[in-house]
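Worksheet: the structure to be examined is printed underneath.
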Amino acid sequence: MKLDRLGDFQRTHRNGDLRLDHAGQTVRLLGWCRRVRNLGSLIFLDLRDRWGLVQLVANEETADPDLLAKLKAVRSEFVLAAEGVVAERESKNPNMATGDIEIRLTGLRILNTAAPLPFPLEDEGVGEDLRLTYRFLDLRRDKLQRNLLLRSEVTNLTRNHFRELDFIEIETPILTKSTPEGARDYLVPSRMHPGEFFALPQSPQLFKQLLQVSGFERYIQICRCFRDEDLRADRQPEFTQIDVEMSFVRQEDVQGVIEPLMVKLAKIVGKEVTAPFPRLPYRNAMEWYGSDKPDLRCGLKIQDVTGLFAASGFNLFRAAADSQGQRRVRALFFPGEAAGLLSRKQLDGYQEQAKQMGAGGLPYAKWGKDGLSSSFKKFLDEGAEAALKDLFRANAEGASAGGEGLAVFAVGTDAQTSKVLGDLRTKIATDLAATEKDPTLSTLFHHKHAYAFLWITDFPLLEWSEEHQRFVACHHPFTSPHPDDMDLLETDPGACRAVAYDLVLNGYEVGGGSIRIHDADTQSRLFRTIGIGEAEARTKFGFLLDALAFGAPPHGGLALGLDRLVMLLAGVDNIREVIAFPKTAQARCLMTDAPGPVDERQLRELHLLQDTKQTYRVGAVFFESAEGGSPELRGQALQQIGQMTPRQAQGLVTLDAQGQILDTQTLSGPTFEF
RNA sequence: GGGGUUGUAGCUCAGUCGGUUAGAGUGCCAGCCUGUCACGCUGGAAGUCGCGGGUUCGAGCCCCGUCAGCCCCGCCA
């Protein structure tokens, strides 16, 4: 098809802005054809641009024949420039912003055609692999357009927020140094320095601290970070962080600039949240909610019921009671009729969930219409049964139910029971909220539309790593120990708290930060505690230690996960829905098919090619030797090199498996030939 | 690294106990149609049942392997 040129065509209006007020005006519009409806001698066409949709119309009796012919050739997603007169519709469409009017076409340019799309833009249920393969089409869909628009509003609002507070935005390097602690790095081979690598930043952590030493007291950056770890619904290998660092601050000061930002961001999507947010020490979060990122839309707390089974016939539980606190029996009590009525099948489902979390099973007790039933009833003597019923009644207090409910139990170490019950707490509560008739109970289970922000504070500074057989930093090794726990650094490192805090929203960690160590002594003590010696610390973090020695101010900050935050604001449950070009769970881009192989020339330049083709670095100084490859290949290389002058041999020689020279590259001196 | 789940027409899916020529809706193509807006009506084309192997007289269906998407555990300072 012959295409028309855009030429001097000037758009006069955005499609979604046209109203009855514009009637009689001649307008020029641009966009994509969403759909044509050809009624014979009357043709309708919906024209879409970023801002909306408007109906174009042409009538066989009145329209120019050339224009009609052109219009009949138009298919979905053709790119059009249209000229026409705004007119009131004969039959209006109340479901459309522009439903009162239509454009009577006087001119039409077909700027481009479009093949039939591989999937419809209107349907929700299209396979995600297909959507990701044709992401540029997927992004035409309303929902993704809205999500990316929201994302843009969030970053704008964030920048304005920090600018009003006198923050300065500074960019930090993307090509940086690999850090041994923490996540796996994405590495970038260095061409200039054979065998050496840059790392993409997991976060600009050290740079922003150094900027504090430089005197940029309030820093912000919206920056890309990279972590080469396995993905999840809320985790991508490449993600965006709102990175904040401040000098002369305490924890509350950092929280004090973040909270009003969250209030503003929530307002964009019509949610009212009030600051300050609750502060919950890590220890309590784990005890009550079994999680360091609890979803406080559900208020239920985990309870310790170890004592209840101290004299019980149920060995599993009694053994825990006898373990002097090593192991405990912990439980969740869900009050209400719906909880007491949960079917065996549903309970089996929860048991599967518990097993996936590492539990052996899921002991439960249910008090329904037909009395108390339990997976371990046969082990319960009268006293224990009565005690259990008392607990049910105590947990039903304030609710309309008379003791009905469900209790699920976990036994084991605190870490084990927290994991199981922390997971089931929100799962079961969410399910019950959907079925429970008593409205007071469903708000106890799950305020579906609420935004529950909170801070988790007083994280442990260190944890024992079985893998490394030493203590490692929970947050990062620059986190300040709690001033009250400073002495524990040498005596009981595992008990030492950190001045670290996470911002949690609805069960997601949306941010985390800390007050940093700002004196070289404390930093050295910490490195010593986690088994990083003086020399190693110098090599890896020498620049930081230097900086701390030259007047580093007390400082601290925080980083927010922008993608996750926007995901929650957009009300979607997958981070890919708020990223224009995301990776799959296997860390691939289905659209570009990255990562992909590169040609051998590139590998050789980067000194990465091995096996059949081996790059030897030779030079006059070590004329007699070559490194790498098999002994035979080395021998052949030396033989060939031996026929050269030392000057000629100075360079890189690439050989194939037969020892033939494939490629040479001089490191210095003149180019030589073979 | 491990567990679960899905894969059939361009798309979304159905496909009985293993049994004849694998279906529907939608999209696409053609024709008709003056008030549609998920236009309607008529007709047509469209399949490597993810891929490979096996069992069987016979496999979309059963078995083994493999690839890909999704979810979870480990991992994510």
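Numbered from 1 within each chain, the chains take letters A, B, ... in sequence-line order. This is a predicted model, so every value here is computed, not measured.
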Both distances under 3.5 Å, Watson-Crick or G-U wobble: report the partner of [N], or none.
| N | answer |
| --- | --- |
| G7(B) | C67(B) |
| C13(B) | G23(B) |
| G60(B) | none |
| A46(B) | none |
| C41(B) | G31(B) |

What integer number of Å spans the [atom1] atoms of [N] and [M]?
| N | M | atom1 | result |
| --- | --- | --- | --- |
| U12(B) | U21(B) | C1' | 25 Å |
| G60(B) | G52(B) | P | 13 Å |
| G18(B) | C63(B) | P | 11 Å |
| G50(B) | A14(B) | P | 13 Å |
| C49(B) | G15(B) | C1' | 10 Å |
| U16(B) | G10(B) | C1' | 28 Å |
| C39(B) | G35(B) | P | 15 Å |
| G19(B) | C11(B) | P | 27 Å |

Have a look at [X] and say if it touches a base, only the backbone sugar-phosphate, or nothing, with a 4.0 Å heavy-atom cut-off.
| X | value |
| --- | --- |
| N38(A) | base |
| V472(A) | nothing |
| L231(A) | nothing |
| E102(A) | base |
| E61(A) | base |
| E128(A) | sugar-phosphate |
| T479(A) | nothing |
| S91(A) | base |
| K92(A) | base |
| N59(A) | base |
| N93(A) | base |

OP1 or OP2 of [N] less than 4.0 angstrom from a side-chain nitrogen or oxygen of [X], does that happen here?
| X | N | result |
| --- | --- | --- |
| N574(A) | C71(B) | yes |
| R37(A) | C33(B) | no |
| K427(A) | C72(B) | no |
| R576(A) | C71(B) | yes |
| S41(A) | U34(B) | yes |

Whole-Å distance between [N] [atom2] and [X] [atom1]?
| X | N | atom1 | atom2 | answer |
| --- | --- | --- | --- | --- |
| E124(A) | A38(B) | CD | P | 17 Å |
| L117(A) | U12(B) | CG | C1' | 15 Å |
| L121(A) | U26(B) | CG | P | 18 Å |
| D292(A) | C76(B) | CG | C1' | 12 Å |
| Y186(A) | C76(B) | OH | P | 15 Å |

Is any side-chain N of the basic residue among D100(A) and R89(A) closer than 4.0 Å to the acidic one's carboxylate O?
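Result for this pair is no, no salt bridge flagged.
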Note: R141(A)-E122(A) ion pair, threshold 4.0 Å (strictly below):
no
Do side-chain atoms of Q145(A) reach the backbone of L139(A) as a donor and acceptor pair under 3.5 angstrom?
yes
Check for a donor-acceptor pair, side chain of N15(A) on one end and backbone N or O of L30(A) on the other, with a separation under 3.5 Å.
yes
Nearest heavy atom decides the nucleotide; on that basis, is A233(A) or L590(A) closer to the 5' end of RNA chain B?
L590(A)
Closest to the 5' end of RNA chain B, once Q55(A) and C474(A) are matched to their nearest nucleotides, is Q55(A)
Looking only at heavy atoms, which two atoms of [X] and [Y] are closest? And how far apart?
| X | Y | value |
| --- | --- | --- |
| P481(A) | L489(A) | CG-CD2, 4.2 Å |
| D185(A) | Q202(A) | OD1-NE2, 2.6 Å |
| L424(A) | L332(A) | C-CD1, 4.3 Å |
| T479(A) | L461(A) | O-CD1, 3.5 Å |

On the side chain of [X], is there an atom forming a donor-acceptor pair with the base of [N] - under 3.5 Å, no angle test?
| X | N | result |
| --- | --- | --- |
| R235(A) | C75(B) | yes |
| R89(A) | C37(B) | yes |
| E60(A) | U34(B) | no |
| Q356(A) | G74(B) | no |
| R232(A) | G74(B) | yes |

Is the F136(A) to F581(A) ring centre distance short of 6.0 Å?
no
With the criterion set at under 5.5 Å between ring centres and under 30 degrees between planes, would U36(B) be stacked on F44(A)?
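Stacked: ring centres under 5.5 Å, planes under 30°.
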Let's see if you can work this out: which of C72(B), C11(B), G35(B) has an atom nearest to the side-chain heavy atoms of L39(A)?
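Taking heavy atoms from C-beta onward, the closest nucleotide is G35(B).
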